[in-house]
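Atom set for the values below is all heavy atoms of this structure, side chains included, hydrogens, waters and symmetry mates excluded.
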Amino acid sequence: MTGSGTRSWWGWGTVEDAVRGAELRDLVDRASALLPGADLTDHPPPDVPSLGLPPPRIVPPDSLAALCSSDPTDRAAHTHGRAFRDVVRNLLGDLRHPPDLVVRPTVEGEIVDVLDWCARVHVAVIPFGGGTSVVGGVEPRLDGDFSGAVSLDLGALEGVREIDRTSRAARIGAGTLGPALEDELRPSGLTLRHFPQSFEFSTLGGWLATRSGGHFATGYTHIDDLVESMRVVTPAGTCESRRLPGSGAGPSPDRLFLGSEGVLGVVTEAWMRLHPRPRWRADASVHFTDYGAAVAATRAVAQSGLRPANCRLLDPVEAFVNAATPSAGGVLLLAFESADHPVDAWMDRAVGLCRGHGGTLPDAPRRTAPEAPRRTGPAGDERDTDAAGRWRSSFLRMPYLRDALAARSMIVETFETACTWDTFDSLRAAVHDAANDAMRRAGATGVIACRFSHVYPDGPAPYFGIYAAGRWGSTVAQWDDIKAAVSEAILAAGGTITHHHAIGRDHRPWYDRQRPEPFAAVLRAAKSALDPAGILNPGVLIGPVASAPDGPTSS
């Protein structure tokens, strides 16, 4: 998958990379085996002309007209993000809240002009990077008396504009997609080392606006840790922080905008901290017969100070569904990498910790030295013959597989959280109970899987997956009921409503209860100061919550 091709207006990625042929037949066979009796009739997407999108309610000024598109396919592609509920609504032709226009600024000054115009005529502005939001963050689902809504597509603000090799940093346009970013850095021998699952189709600005979490399980995996400075255009003026390795000069301006999801301003560029590209790697798959022991081993590695690049624990369901690996207690995927030195000692120590908790290795750890052939991807391997390789291949294809199953009445969706180690067992049990009860009430037979996407010395980030047989035409409502139930369970158990998926509109009810009220007052004050007209991404983080179009997740 290269990312080149025709972007799908309704689903993930490109049309050319959609699941078909033998891969599709195998997927349907596995779904039938997992959930016997499921109705797997295909429901193809509608043609855009049949959607009957309402005509635009607004007309841009002549000075901005060349930047604006009212093309129906363009508007349809910018109506939803790429969550399960978004994909299914697209398949059903349910696009109730399309943007009136898609606006593509090419330089920062045009963003200023767009914000000025929209503030004057009270048009909502939805910043849009790659459109991969899974929480309703780019959907013009609004509550208020706006005269219209525009999707501000920042894809033209792209490119690595400057590299400081001495300080190991680069100035990068916010619209730069992950693959292009890494391609431009590669000749310098440097890498941003940030690889979210959406890497191929998401942008630097989107990562910053949502506090994205990368592929790596420990260390500098969060985009927060990689920011040196940011430049943000707000309706009240442009804010640019100073390039510094660290500062104690009051609250950080960057921290104000990181995770603000476009409600305070539009990120246009940032200086990002870089790393030398890795030369030494080692990876291993550790199997367990008891899940409790697997969790204990993972905690031991997380608290050891070894800082593995990958420390991803798959529970038995996740190991079976996405790694085709039967395991009574789960599989721990370990990987280490370095640009400076061999990592054998680190891998050997981690394996020793796992063996101390009953872990076994069907195959010896694989090690790659600089002279060995280059392997594909971060901490990855060209081979897919073991659990790690099979899971990684599945990980990269998961969104496409999800779309194919969503078109066949399956409920296939994920949700994630983070908690302290001492509360994980009770949180996992509460989530399982809530999910199973909700599936039973919704009449959906299914299973729930869990993996650790990230681990910290004080706790894991559990990432859950639901695989259930739904009823066509009702799967969004069924999922919304399940999502509401598990969200309540997560909050009651002391977890966070999201670890790295952001808040958007779909998580607002639980975020409003999680955040301290004095902090909410600070956010409202910042919003009032930076966006007096309230036009930027209304309903996200603060302000009135838009009504959900078809379920309780945003009510």
*Heavy-atom side-chain contact between Pro99 and Ile126 under 4.5 Å*: no

_Measuring centre to centre across the rings, with the benzene-like ring taken for any Trp, is His194 within less than 6.0 Å of Phe199?_
no

*Reported CG-to-CE distance for the pair Leu185 and Met272, which is rounded to 0.5 angstrom*: 10.5 Å

*Just by modelled atom types, is the Gly137 backbone N or O under 3.5 Å from a matching donor or acceptor in the Arg141 side chain?*
no

*Could you check Ser247 against Leu244 for side chain to side chain contact (heavy atoms under 4.5 Å, CB included), going step by step and ending with a plain yes or no?*
CA-CA 7 Å; Ser247 173; Leu244 293 168; 3.9 Å; yes

_I'd like to know if Arg89 and Glu139 make a salt bridge, using a cut-off of under 4.0 Å between side-chain N and carboxylate O._
yes

_Applying salt bridge (Lys or Arg N to Asp or Glu O under 4.0 Å) as the test, list every pair that has at least one member in residues 50-69; sequence neighbours left out._
Arg57-Asp100

*asked:* What I'd like to find out is whether the side chain of Thr475 reaches to under 4.5 Å of the side chain of Phe84, using heavy atoms alone.
replied: yes

*asked:* Test: salt bridge (Lys or Arg N to Asp or Glu O under 4.0 Å). Region: residues 108-133. Which pairs qualify, not counting sequence neighbours?
replied: Glu108-Arg231

*For Phe395, is the NZ or CZ atom of Arg312 found under 6.0 angstrom from the centre of its six-membered ring and inside 45 degrees of the ring axis?*
yes

*Might you point out which heavy atoms bring Asn90 and Leu95 nearest each other, and give the distance in Å?*
OD1-CD1, 3.7 Å

_A side-chain contact here means heavy atoms from C-beta on lying under 4.5 Å apart; do Ile466 and Val412 qualify?_
no

*About how many Å separate NE2 of His275 and CD of Glu337, when rounded to the nearest 0.5 Å?*
10.0 Å

*asked:* Please check: side-chain N/O of Ser260 versus main-chain N/O of Val263, any donor-acceptor pairing under 3.5 Å?
replied: no

_Expected output: side-chain Thr221 to main-chain Thr218 donor-acceptor under 3.5 Å_ = no

*Looking at side-chain heavy atoms only, is the closest gap between Phe201 and Thr132 below 4.5 Å?*
yes

_Can you confirm whether more than 12 heavy atoms, excluding those of Arg524, are under 6.0 Å from its CZ atom?_
yes

*Side-chain (Ser50) to main-chain (Pro46) donor-acceptor, under 3.5 angstrom*: no

_Salt-bridge criterion met for Asp225 and Arg193 (N-O under 4.0 Å)_ = no

*Is Trp117 close to Ile58 at the side-chain level, that is, under 4.5 Å between some pair of heavy atoms?*
yes

*In Å and rounded to the nearest 0.5 Å, what is the CE to CG distance from Met230 to Leu256?*
9.0 Å

_Lys/Arg cation over aromatic Tyr400: Arg397, 6.0 Å, 45° cone_ = yes

*Just checking, any donor-acceptor pair under 3.5 angstrom between side chains of Glu416 and Thr498?*
yes

*Locate the shortest heavy-atom distance separating Ser70 from Arg75; write the atom from each residue and the value.*
O-CD, 3.4 Å

*When you check the gap from the basic side-chain N to the acidic O, do Arg513 and Glu488 get nearer than 4.0 Å?*
yes

*Going by the angle between their ring planes, with limits at 30° and 60°, are His499 and His222 parallel, tilted or perpendicular?*
perpendicular

*Could you pull out the closest heavy-atom pair between Pro105 and Leu157, with the gap in Å?*
O-CD1, 3.3 Å

*Heavy atoms, side chains only, cut-off 4.5 Å: are Val266 and Val125 in contact?*
no

*Considering only heavy atoms from C-beta outward, does the side chain of His215 approach that of Gln197 to under 4.5 Å?*
no

*So, is the end of the Arg243 side chain (NZ or CZ) under 6.0 Å from the ring centre of Trp271 and within 45° of the ring's axis?*
yes

*Look up atom CG in Leu190 and atom CG in Leu274, then write down how far apart they are to the nearest 0.5 Å.*
5.5 Å

*Distance from Cys239 atom SG to Leu264 atom CG, nearest 0.5 Å?*
10.5 Å

*Which pairs, with at least one residue in residues 204-214 and sequence neighbours excluded, count as a salt bridge (Lys or Arg N to Asp or Glu O under 4.0 Å)?*
Arg211-Asp224

*asked:* Rounded at 0.5 Å granularity, tell me how far CG in Leu226 sits from CG in Leu192.
replied: 5.0 Å

*Mind jotting down which residue pairs meet the ring-ring contact (aromatic ring centres under 6.0 Å, His included) criterion with at least one end in residues 134-153? Sequence neighbours excluded, please.*
His122-Phe146

*Looking at Pro196 and Ser202, what are the two nearest heavy atoms and their distance?*
CG-OG, 4.3 Å

*What pairs meet the side chain to side chain donor-acceptor pair (under 3.5 Å) rule with one or both residues in residues 527-541, with sequence neighbours excluded?*
Arg505-Asn537, Lys527-Asp531

*asked:* I want to know whether Tyr463 and His501 have ring centres closer than 6.0 Å.
replied: yes

*So, Thr14 versus Asp17: side-chain donor-acceptor pair below 3.5 Å or not?*
yes

*Please answer whether the main-chain N or O of Gly504 pairs with a side-chain N or O of Glu261 as donor and acceptor at a distance below 3.5 Å.*
yes

*Would you call Arg186 and Asp183 a salt bridge, taking side-chain N to carboxylate O under 4.0 Å as the test?*
yes

*Would you call Arg168-Asp164 a salt bridge at under 4.0 Å N-O?*
no

*asked:* Quick check on the 6.0 Å ring-centre criterion: do His500 and His454 meet it?
replied: yes

*Would a distance-only check, ignoring hydrogens and angles, find a side-chain to backbone donor-acceptor pair under 3.5 Å from Thr238 to Thr234?*
no

*Asp47 (side chain) donor-acceptor with Pro49 (main chain) under 3.5 angstrom*: no

_Backbone of Asp254 reached by a side-chain donor or acceptor of Ser252 within 3.5 Å_ = yes

*After noting the C-alpha distance and the side-chain angles of Gln514 and Thr496, does the key distance pass the side-chain hydrogen bond (donor to acceptor under 3.5 Å, both in side chains) rule?*
CA-CA 7 Å; Gln514 177 177 328; Thr496 175; 3.0 Å; yes

*Do the charged groups of Glu228 and Arg171 touch, with an N to O distance under 4.0 Å?*
no

*Check whether any side-chain heavy atom of Ile503 lies under 4.5 Å from a side-chain heavy atom of Val135, and answer yes or no.*
no

*Report yes or no: do Glu182 and Thr191 form a side-chain donor-acceptor pair below 3.5 Å?*
yes

*Between Asp506 and Arg508, is there a salt bridge with N-O shorter than 4.0 Å?*
no

*asked:* Looking at Arg515 and Trp510, would you say the former's side chain and the latter's main chain have a donor-acceptor pair under 3.5 Å?
replied: no

*asked:* List the residues meeting side chain to side chain contact (heavy atoms under 4.5 Å, CB included) with Ala180, not counting sequence neighbours, and say none if there are none.
replied: Thr176

*Using modelled atom types only, decide if a donor and an acceptor are shared between the side chain of Ser167 and the backbone of Ala169 within a distance under 3.5 Å.*
no

*Please walk me through it: do Arg96 and Asp94 pass salt bridge (charged side-chain N to carboxylate O under 4.0 Å, His left out)?*
CA-CA 6 Å; Arg96 305 183 196 183; Asp94 181 6; 2.8 Å; yes

*Would Asn322 and Met398 count as a side chain to side chain contact (heavy atoms under 4.5 Å, CB included) if you check the C-alpha gap in whole Å, the side-chain angles of each, and the deciding distance to 0.1 Å?*
CA-CA 9 Å; Asn322 286 314; Met398 277 179 191; 3.6 Å; yes

